[in-house]
Q: 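Please find one structure pasted underneath; my questions will follow.
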Amino acid sequence: MPARGAAQLSRRMGQKKQRLLEAEQHPSPPDRAQTLSPLEPCLQPPATLSPQRSIYFSSPKSHSAQLGSEFFDQPAVPLARAFLGQVLVRRLEDGTELRGRIVETEAYVGPEDEAAHSRGGRLTPRNRGMFMKPGTLYVYIIYGMYFCMNVSSRGDGACVLLRALEPLGGLETMRQLRSTLRRGATGRALKDRELCSGPSKLCQALAIDKSFDQRDLATDKAVWLERSPPGSGEPPVVAAARVGIGHAGEWAQKPLRFYVRGSPWVSVVDRAAEQNARA
DNA sequence: CTCATGATCCGCT
DNA sequence: GCGGATCATGAGG
(Lines give C-alpha, C1' and ligand atoms only; values in the text may rest on other atoms or scores of the structure.)
Protein backbone atom coordinates (compact mmCIF):
# COMPACT_ATOMS: atom_id res chain seq x y z
CA MET A 1 0.00 0.00 0.00
CA PRO A 2 1.56 3.19 -1.26
CA ALA A 3 -0.26 5.57 1.04
CA ARG A 4 1.42 3.93 3.98
CA GLY A 5 4.67 5.85 4.06
CA ALA A 6 3.14 9.23 4.47
CA ALA A 7 0.89 8.01 7.20
CA GLN A 8 3.75 6.51 9.17
CA LEU A 9 5.72 9.66 8.88
CA SER A 10 3.03 11.86 10.29
CA ARG A 11 2.63 9.48 13.18
CA ARG A 12 6.08 10.13 14.53
CA MET A 13 4.83 13.33 16.01
CA GLY A 14 2.50 11.47 18.28
CA GLN A 15 5.21 10.21 20.58
CA LYS A 16 6.48 13.57 21.61
CA LYS A 17 3.02 14.71 22.49
CA GLN A 18 2.57 11.68 24.64
CA ARG A 19 5.76 12.41 26.53
CA LEU A 20 4.70 15.96 26.89
CA LEU A 21 1.61 14.79 28.62
CA GLU A 22 3.57 12.59 30.97
CA ALA A 23 5.52 15.60 32.05
CA GLU A 24 2.37 17.49 32.97
CA GLN A 25 3.63 19.26 36.08
CA HIS A 26 3.99 22.35 33.93
CA PRO A 27 1.42 25.11 34.22
CA SER A 28 0.24 25.50 30.70
CA PRO A 29 0.79 23.54 27.51
CA PRO A 30 2.32 25.04 24.39
CA ASP A 31 -0.70 27.24 24.02
CA ARG A 32 -0.57 30.97 24.45
CA ALA A 33 -2.52 32.84 27.02
CA GLN A 34 -5.49 32.64 24.68
CA THR A 35 -8.44 31.31 26.57
CA LEU A 36 -6.59 31.06 29.81
CA SER A 37 -7.26 33.85 32.18
CA PRO A 38 -4.80 36.67 31.60
CA LEU A 39 -3.06 36.46 34.91
CA GLU A 40 0.33 37.95 35.43
CA PRO A 41 2.79 35.21 36.22
CA CYS A 42 4.07 37.16 39.20
CA LEU A 43 0.64 38.04 40.45
CA GLN A 44 -0.13 35.83 43.39
CA PRO A 45 -3.57 35.24 44.73
CA PRO A 46 -4.40 37.66 47.56
CA ALA A 47 -0.99 38.18 49.10
CA THR A 48 0.88 36.67 51.89
CA LEU A 49 -0.54 33.38 53.01
CA SER A 50 2.22 30.91 53.50
CA PRO A 51 1.23 27.38 52.67
CA GLN A 52 -0.33 26.01 55.83
CA ARG A 53 -0.74 29.19 57.82
CA SER A 54 -4.47 29.47 58.00
CA ILE A 55 -6.53 26.44 58.83
CA TYR A 56 -9.70 28.44 58.46
CA PHE A 57 -9.31 29.41 54.87
CA SER A 58 -7.06 26.61 53.81
CA SER A 59 -9.56 25.28 51.32
CA PRO A 60 -10.62 27.52 48.47
CA LYS A 61 -14.25 28.30 48.00
CA SER A 62 -14.43 26.00 45.03
CA HIS A 63 -13.66 23.06 47.25
CA SER A 64 -16.57 23.61 49.54
CA ALA A 65 -18.65 21.29 47.43
CA GLN A 66 -16.02 18.58 47.10
CA LEU A 67 -17.61 15.23 47.75
CA GLY A 68 -15.91 13.29 50.54
CA SER A 69 -15.02 9.64 51.02
CA GLU A 70 -18.53 8.67 52.21
CA PHE A 71 -19.79 9.17 48.69
CA PHE A 72 -17.33 6.71 47.20
CA ASP A 73 -17.84 4.06 49.87
CA GLN A 74 -20.48 2.00 48.10
CA PRO A 75 -20.34 -0.99 45.77
CA ALA A 76 -19.35 -0.43 42.16
CA VAL A 77 -22.82 -0.66 40.63
CA PRO A 78 -24.57 1.85 42.91
CA LEU A 79 -21.51 4.08 42.74
CA ALA A 80 -21.50 3.96 38.96
CA ARG A 81 -25.13 5.11 39.02
CA ALA A 82 -24.50 7.72 41.70
CA PHE A 83 -21.77 9.30 39.60
CA LEU A 84 -24.25 10.21 36.89
CA GLY A 85 -25.14 13.86 37.12
CA GLN A 86 -22.28 14.77 39.46
CA VAL A 87 -19.72 17.28 38.30
CA LEU A 88 -16.07 16.43 37.83
CA VAL A 89 -13.76 19.40 38.33
CA ARG A 90 -10.14 19.75 37.30
CA ARG A 91 -8.07 22.69 38.44
CA LEU A 92 -5.00 23.30 36.31
CA GLU A 93 -1.85 24.75 37.77
CA ASP A 94 -2.59 28.15 36.32
CA GLY A 95 -5.91 28.18 38.14
CA THR A 96 -8.12 27.36 35.20
CA GLU A 97 -11.05 25.21 36.25
CA LEU A 98 -12.44 22.66 33.85
CA ARG A 99 -15.77 21.07 34.69
CA GLY A 100 -18.03 18.46 33.25
CA ARG A 101 -21.16 16.60 34.28
CA ILE A 102 -20.69 12.86 34.30
CA VAL A 103 -23.13 11.22 31.89
CA GLU A 104 -21.66 7.74 31.34
CA THR A 105 -19.87 5.22 33.57
CA GLU A 106 -19.05 1.53 33.79
CA ALA A 107 -18.85 -0.70 36.85
CA TYR A 108 -16.09 -3.27 37.25
CA VAL A 109 -17.30 -5.27 40.17
CA GLY A 110 -14.22 -7.15 41.39
CA PRO A 111 -12.19 -10.36 41.07
CA GLU A 112 -15.18 -12.35 39.76
CA ASP A 113 -15.61 -9.87 36.91
CA GLU A 114 -13.88 -11.47 33.91
CA ALA A 115 -13.60 -8.11 32.18
CA ALA A 116 -11.87 -6.36 35.07
CA HIS A 117 -8.15 -5.90 35.41
CA SER A 118 -8.57 -7.40 38.86
CA ARG A 119 -10.07 -10.61 37.45
CA GLY A 120 -9.14 -13.68 39.40
CA GLY A 121 -7.75 -11.48 42.14
CA ARG A 122 -4.87 -10.19 40.06
CA LEU A 123 -3.12 -7.47 42.00
CA THR A 124 -0.20 -5.83 40.24
CA PRO A 125 1.64 -2.53 40.54
CA ARG A 126 -0.50 -1.19 37.75
CA ASN A 127 -3.95 -1.91 39.11
CA ARG A 128 -3.18 -1.32 42.76
CA GLY A 129 -5.52 1.67 42.81
CA MET A 130 -8.45 -0.71 42.32
CA PHE A 131 -7.67 -2.25 45.68
CA MET A 132 -7.14 0.97 47.57
CA LYS A 133 -9.76 2.83 49.54
CA PRO A 134 -12.92 4.03 47.82
CA GLY A 135 -12.33 7.29 45.99
CA THR A 136 -8.80 6.35 44.95
CA LEU A 137 -8.07 6.92 41.26
CA TYR A 138 -6.87 4.14 39.01
CA VAL A 139 -5.41 5.70 35.86
CA TYR A 140 -3.81 3.44 33.30
CA ILE A 141 -2.47 3.57 29.78
CA ILE A 142 -4.36 1.73 27.11
CA TYR A 143 -3.28 0.85 23.59
CA GLY A 144 0.05 2.43 24.32
CA MET A 145 -1.26 5.93 23.83
CA TYR A 146 -4.38 6.73 25.78
CA PHE A 147 -5.42 7.01 29.40
CA CYS A 148 -8.47 5.73 31.20
CA MET A 149 -9.65 7.06 34.54
CA ASN A 150 -11.31 4.88 37.17
CA VAL A 151 -12.43 5.48 40.71
CA SER A 152 -12.11 2.75 43.30
CA SER A 153 -15.36 1.74 44.97
CA ARG A 154 -16.21 -0.35 48.00
CA GLY A 155 -15.06 -3.92 47.45
CA ASP A 156 -11.60 -5.27 46.69
CA GLY A 157 -10.60 -4.82 43.08
CA ALA A 158 -13.82 -3.00 42.24
CA CYS A 159 -14.00 0.36 40.51
CA VAL A 160 -15.94 2.64 38.21
CA LEU A 161 -14.70 3.80 34.81
CA LEU A 162 -15.61 7.35 33.83
CA ARG A 163 -16.63 7.26 30.17
CA ALA A 164 -18.16 10.59 29.21
CA LEU A 165 -18.82 14.11 30.42
CA GLU A 166 -21.04 16.95 29.37
CA PRO A 167 -18.56 19.83 29.27
CA LEU A 168 -19.73 22.71 31.46
CA GLY A 169 -16.77 25.02 31.82
CA GLY A 170 -13.38 25.65 30.31
CA LEU A 171 -14.45 24.38 26.91
CA GLU A 172 -11.83 26.31 25.01
CA THR A 173 -9.04 24.97 27.17
CA MET A 174 -10.43 21.49 26.73
CA ARG A 175 -10.45 21.99 23.00
CA GLN A 176 -6.83 23.03 23.07
CA LEU A 177 -5.76 20.14 25.23
CA ARG A 178 -7.57 17.71 22.96
CA SER A 179 -6.14 19.20 19.78
CA THR A 180 -2.62 19.24 21.15
CA LEU A 181 -2.63 15.78 22.60
CA ARG A 182 -4.57 13.75 20.07
CA ARG A 183 -2.89 12.01 17.23
CA GLY A 184 -3.55 13.03 13.67
CA ALA A 185 -3.62 16.63 14.79
CA THR A 186 -5.17 18.04 11.70
CA GLY A 187 -5.95 21.59 12.57
CA ARG A 188 -9.69 21.16 12.34
CA ALA A 189 -11.60 22.41 15.35
CA LEU A 190 -13.30 19.87 17.50
CA LYS A 191 -17.00 20.06 18.10
CA ASP A 192 -18.17 20.30 21.68
CA ARG A 193 -19.46 16.77 21.47
CA GLU A 194 -16.04 15.47 20.60
CA LEU A 195 -14.39 16.90 23.69
CA CYS A 196 -15.32 14.41 26.41
CA SER A 197 -17.34 11.63 24.73
CA GLY A 198 -15.08 8.72 25.59
CA PRO A 199 -12.89 7.56 28.46
CA SER A 200 -9.63 8.68 26.87
CA LYS A 201 -11.08 11.80 25.35
CA LEU A 202 -12.13 13.07 28.75
CA CYS A 203 -8.68 12.35 30.13
CA GLN A 204 -7.17 14.45 27.38
CA ALA A 205 -9.70 17.24 27.81
CA LEU A 206 -9.05 17.41 31.56
CA ALA A 207 -5.29 16.80 31.34
CA ILE A 208 -5.54 13.63 33.40
CA ASP A 209 -2.52 11.38 33.04
CA LYS A 210 -0.62 8.70 34.87
CA SER A 211 0.49 11.20 37.50
CA PHE A 212 -3.08 11.05 38.82
CA ASP A 213 -2.92 7.33 39.47
CA GLN A 214 -3.69 6.46 43.09
CA ARG A 215 -4.65 9.99 44.05
CA ASP A 216 -7.68 10.45 46.29
CA LEU A 217 -10.62 12.09 44.56
CA ALA A 218 -12.06 13.00 47.97
CA THR A 219 -9.13 15.17 49.03
CA ASP A 220 -7.08 16.09 45.96
CA LYS A 221 -6.63 19.76 45.16
CA ALA A 222 -6.32 19.37 41.40
CA VAL A 223 -9.27 17.08 40.71
CA TRP A 224 -12.47 16.46 42.63
CA LEU A 225 -16.16 15.74 42.42
CA GLU A 226 -19.02 18.10 43.22
CA ARG A 227 -22.63 17.26 43.95
CA SER A 228 -24.84 18.16 41.05
CA PRO A 229 -26.83 21.33 41.58
CA PRO A 230 -30.06 20.70 43.49
CA GLY A 231 -33.18 20.68 41.40
CA SER A 232 -31.53 18.84 38.56
CA GLY A 233 -33.20 15.71 39.88
CA GLU A 234 -32.28 12.14 39.07
CA PRO A 235 -31.62 11.64 35.40
CA PRO A 236 -33.23 8.71 33.59
CA VAL A 237 -30.58 6.01 33.38
CA VAL A 238 -29.95 3.37 30.74
CA ALA A 239 -28.11 0.17 31.70
CA ALA A 240 -26.25 -1.40 28.79
CA ALA A 241 -23.38 -3.75 28.04
CA ARG A 242 -19.91 -2.38 28.57
CA VAL A 243 -17.83 -1.21 25.65
CA GLY A 244 -14.68 -2.76 24.23
CA ILE A 245 -14.69 -6.09 26.02
CA GLY A 246 -15.62 -8.55 23.30
CA HIS A 247 -13.95 -11.34 25.24
CA ALA A 248 -14.85 -12.10 28.86
CA GLY A 249 -17.79 -14.36 27.97
CA GLU A 250 -20.98 -13.75 29.89
CA TRP A 251 -19.46 -10.86 31.76
CA ALA A 252 -19.27 -8.98 28.49
CA GLN A 253 -23.06 -9.04 28.21
CA LYS A 254 -23.96 -7.85 31.65
CA PRO A 255 -25.57 -4.41 31.83
CA LEU A 256 -22.80 -2.72 33.80
CA ARG A 257 -22.57 0.44 31.75
CA PHE A 258 -24.80 3.30 32.80
CA TYR A 259 -25.61 6.46 30.96
CA VAL A 260 -28.08 9.35 30.96
CA ARG A 261 -30.85 8.58 28.53
CA GLY A 262 -31.08 11.05 25.69
CA SER A 263 -27.88 12.85 26.56
CA PRO A 264 -26.02 13.93 23.42
CA TRP A 265 -22.75 13.71 25.34
CA VAL A 266 -22.68 9.92 25.73
CA SER A 267 -19.96 8.05 23.83
CA VAL A 268 -21.96 5.02 22.64
CA VAL A 269 -25.72 4.78 22.56
CA ASP A 270 -27.32 1.35 22.81
CA ARG A 271 -30.75 1.50 21.19
CA ALA A 272 -31.51 -2.11 21.98
CA ALA A 273 -30.86 -1.64 25.67
CA GLU A 274 -33.03 1.45 25.70
CA GLN A 275 -35.85 -0.45 24.02
CA ASN A 276 -35.52 -3.27 26.48
CA ALA A 277 -35.74 -1.10 29.54
CA ARG A 278 -38.80 0.78 28.39
CA ALA A 279 -41.16 1.23 31.27
C1' DC B 1 -25.00 6.99 9.71
C1' DT B 2 -22.19 2.23 10.02
C1' DC B 3 -18.18 -0.42 9.37
C1' DA B 4 -13.01 -1.39 8.94
C1' DT B 5 -8.40 -0.28 9.79
C1' DG B 6 -4.06 1.05 11.89
C1' DA B 7 -1.41 3.44 15.50
C1' DT B 8 1.56 2.25 19.44
C1' DC B 9 3.79 0.48 23.68
C1' DC B 10 3.26 -0.97 28.51
C1' DG B 11 2.21 -4.83 31.53
C1' DC B 12 1.70 -9.31 31.89
C1' DT B 13 2.52 -14.44 30.79
C1' DG C 1 6.09 -12.05 22.51
C1' DC C 2 1.03 -10.62 22.65
C1' DG C 3 -2.92 -8.04 23.13
C1' DG C 4 -5.71 -4.32 24.98
C1' DA C 5 -11.89 -0.97 29.49
C1' DT C 6 -9.56 3.58 22.44
C1' DC C 7 -9.61 6.98 18.82
C1' DA C 8 -9.39 9.20 14.27
C1' DT C 9 -10.02 8.61 9.67
C1' DG C 10 -11.78 7.06 5.29
C1' DA C 11 -14.98 4.34 2.37
C1' DG C 12 -19.51 3.26 1.42
C1' DG C 13 -24.82 3.72 2.22
Side-chain angles (χ1 to χ4, degrees), chain A residues 1-22 76-77 80 83 104-111 113-130 137-153 157-165 174-175 177-191 193-205 208-211 213 240-249 251-259 264 266-272:
Chain A
M1 293 147 197
R4 192 84 162 284
Q8 280 186 333
L9 217 93
S10 70
R11 297 289 184 240
R12 306 266 169 196
M13 307 291 276
Q15 289 193 341
K16 284 185 181 173
K17 289 169 188 170
Q18 184 83 359
R19 311 224 175 271
L20 219 135
L21 190 68
E22 300 281 5
V77 167
F83 264 125
E104 182 182 355
T105 60
E106 282 178 3
Y108 289 83
V109 305
D113 185 344
E114 284 299 316
H117 290 167
S118 57
R119 77 186 91 83
R122 287 167 170 79
L123 169 54
T124 69
R126 178 178 67 144
N127 69 3
R128 178 142 191 280
M130 295 180 79
L137 297 184
Y138 167 39
V139 179
Y140 69 94
I141 301 173
I142 185 174
Y143 296 107
M145 52 183 142
Y146 297 113
F147 296 100
C148 284
M149 174 185 190
N150 302 262
V151 183
S152 178
S153 71
C159 68
V160 174
L161 170 69
L162 303 185
R163 283 197 57 93
L165 309 176
M174 290 183 187
R175 215 181 311 276
L177 284 164
R178 287 270 291 124
S179 305
T180 307
L181 299 173
R182 73 176 170 156
R183 76 185 167 92
T186 68
R188 91 167 228 279
L190 292 162
K191 298 171 184 172
R193 288 173 51 160
E194 299 176 289
L195 293 177
C196 303
S197 56
S200 298
K201 292 179 189 176
L202 75 86
C203 284
Q204 282 184 347
I208 298 290
D209 64 24
K210 190 83 173 166
S211 73
D213 189 40
R242 292 173 291 183
V243 175
I245 47 175
H247 53 89
W251 280 92
Q253 323 294 348
K254 293 182 187 286
L256 293 173
R257 183 166 68 99
F258 305 97
Y259 66 85
V266 166
S267 70
V268 180
V269 170
D270 187 331
R271 298 291 174 204

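In this text the structure is predicted, and so the values were computed from the model without any measurement.
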Q: Send over the distance from A:L162 CG to C:dA5 P, rounded to a whole Å.
A: 16 Å

Q: Is the cationic atom of A:R242 (NZ for Lys, CZ for Arg) positioned less than 6.0 Å from the six-membered ring centroid of A:Y108 and within 45 degrees of its normal?
A: yes

Q: Let's see if you can work this out: which of C:dC7, C:dA5, B:dC10 has an atom nearest to the side-chain heavy atoms of A:K201?
A: C:dC7

Q: Do you know which two heavy atoms are closest between A:I245 and A:W251, and how far apart they sit?
A: CD1-O, 4.5 Å

Q: Kindly express the pairing pattern of DNA chain C in dot-bracket notation, using | wherever a base pairs with another strand and counting only Watson-Crick or G-U pairs under 3.5 Å.
A: ||||.|||||||.

Q: Within this structure, what is the OH-to-P distance between A:Y143 and C:dG4, rounded to whole angstrom?
A: 7 Å

Q: What closest approach, in Å, do A:N150 and A:C159 show between heavy atoms, and which atom pair accounts for it?
A: OD1-SG, 3.7 Å

Q: Can you tell me how far P of C:dG4 sits from CH2 of A:W251, to the nearest Å?
A: 19 Å

Q: With sugar-phosphate meaning primed atoms plus P, OP1 and OP2, does A:M149 contact a base, only sugar-phosphate, or nothing at under 4.0 Å between heavy atoms?
A: nothing

Q: Could you pull out all residues at least two apart from A:S197 that satisfy side-chain hydrogen bond (donor to acceptor under 3.5 Å, both in side chains)?
A: A:K201

Q: Output yes when a side-chain donor or acceptor of A:S200 lies under 3.5 Å from a complementary backbone atom of A:F147, and no otherwise.
A: yes

Q: Side chain of A:M145: nearest nucleotide among C:dT6, B:dT8, B:dG11?
A: B:dT8

Q: Can you tell me how far NE2 of A:H117 sits from CD1 of A:I142, rounded to the nearest 0.5 angstrom?
A: 6.5 Å

Q: Rounded to the Å, how far apart are A:R122 CZ and B:dC10 P?
A: 21 Å

Q: Heavy atoms only, 4.0 Å cut-off, all strands: where does A:I142 land among base, sugar-phosphate and nothing?
A: sugar-phosphate

Q: Rounded to the Å, how far apart are A:Y146 OH and C:dT6 P?
A: 11 Å

Q: In whole angstrom, give the distance that lies between atom OH of A:Y140 and atom P of B:dC9.
A: 18 Å

Q: How many angstroms lie between CG in A:L162 and CD1 in A:I208, if you round to the nearest 0.5 Å?
A: 9.5 Å

Q: Output the rounded distance in Å from CZ (A:F147) to C1' (C:dA5).
A: 15 Å

Q: Categorize A:R242 for me: base, sugar-phosphate, or nothing, with a 4.0 angstrom heavy-atom threshold over every strand shown.
A: nothing

Q: So, does A:R119 get its side chain near the phosphate of C:dA5, meaning an N or O under 4.0 Å from OP1 or OP2?
A: no

Q: Please tell me which of the listed nucleotides, C:dC7, C:dA8, B:dG11, lies nearest to the side chain of A:S200?
A: C:dC7

Q: Which whole-number value in Å describes the distance from A:D209 CG to B:dC9 C1'?
A: 16 Å

Q: Among B:dG11, C:dC7, C:dA5, which is the nearest nucleotide to the side chain of A:T124?
A: B:dG11

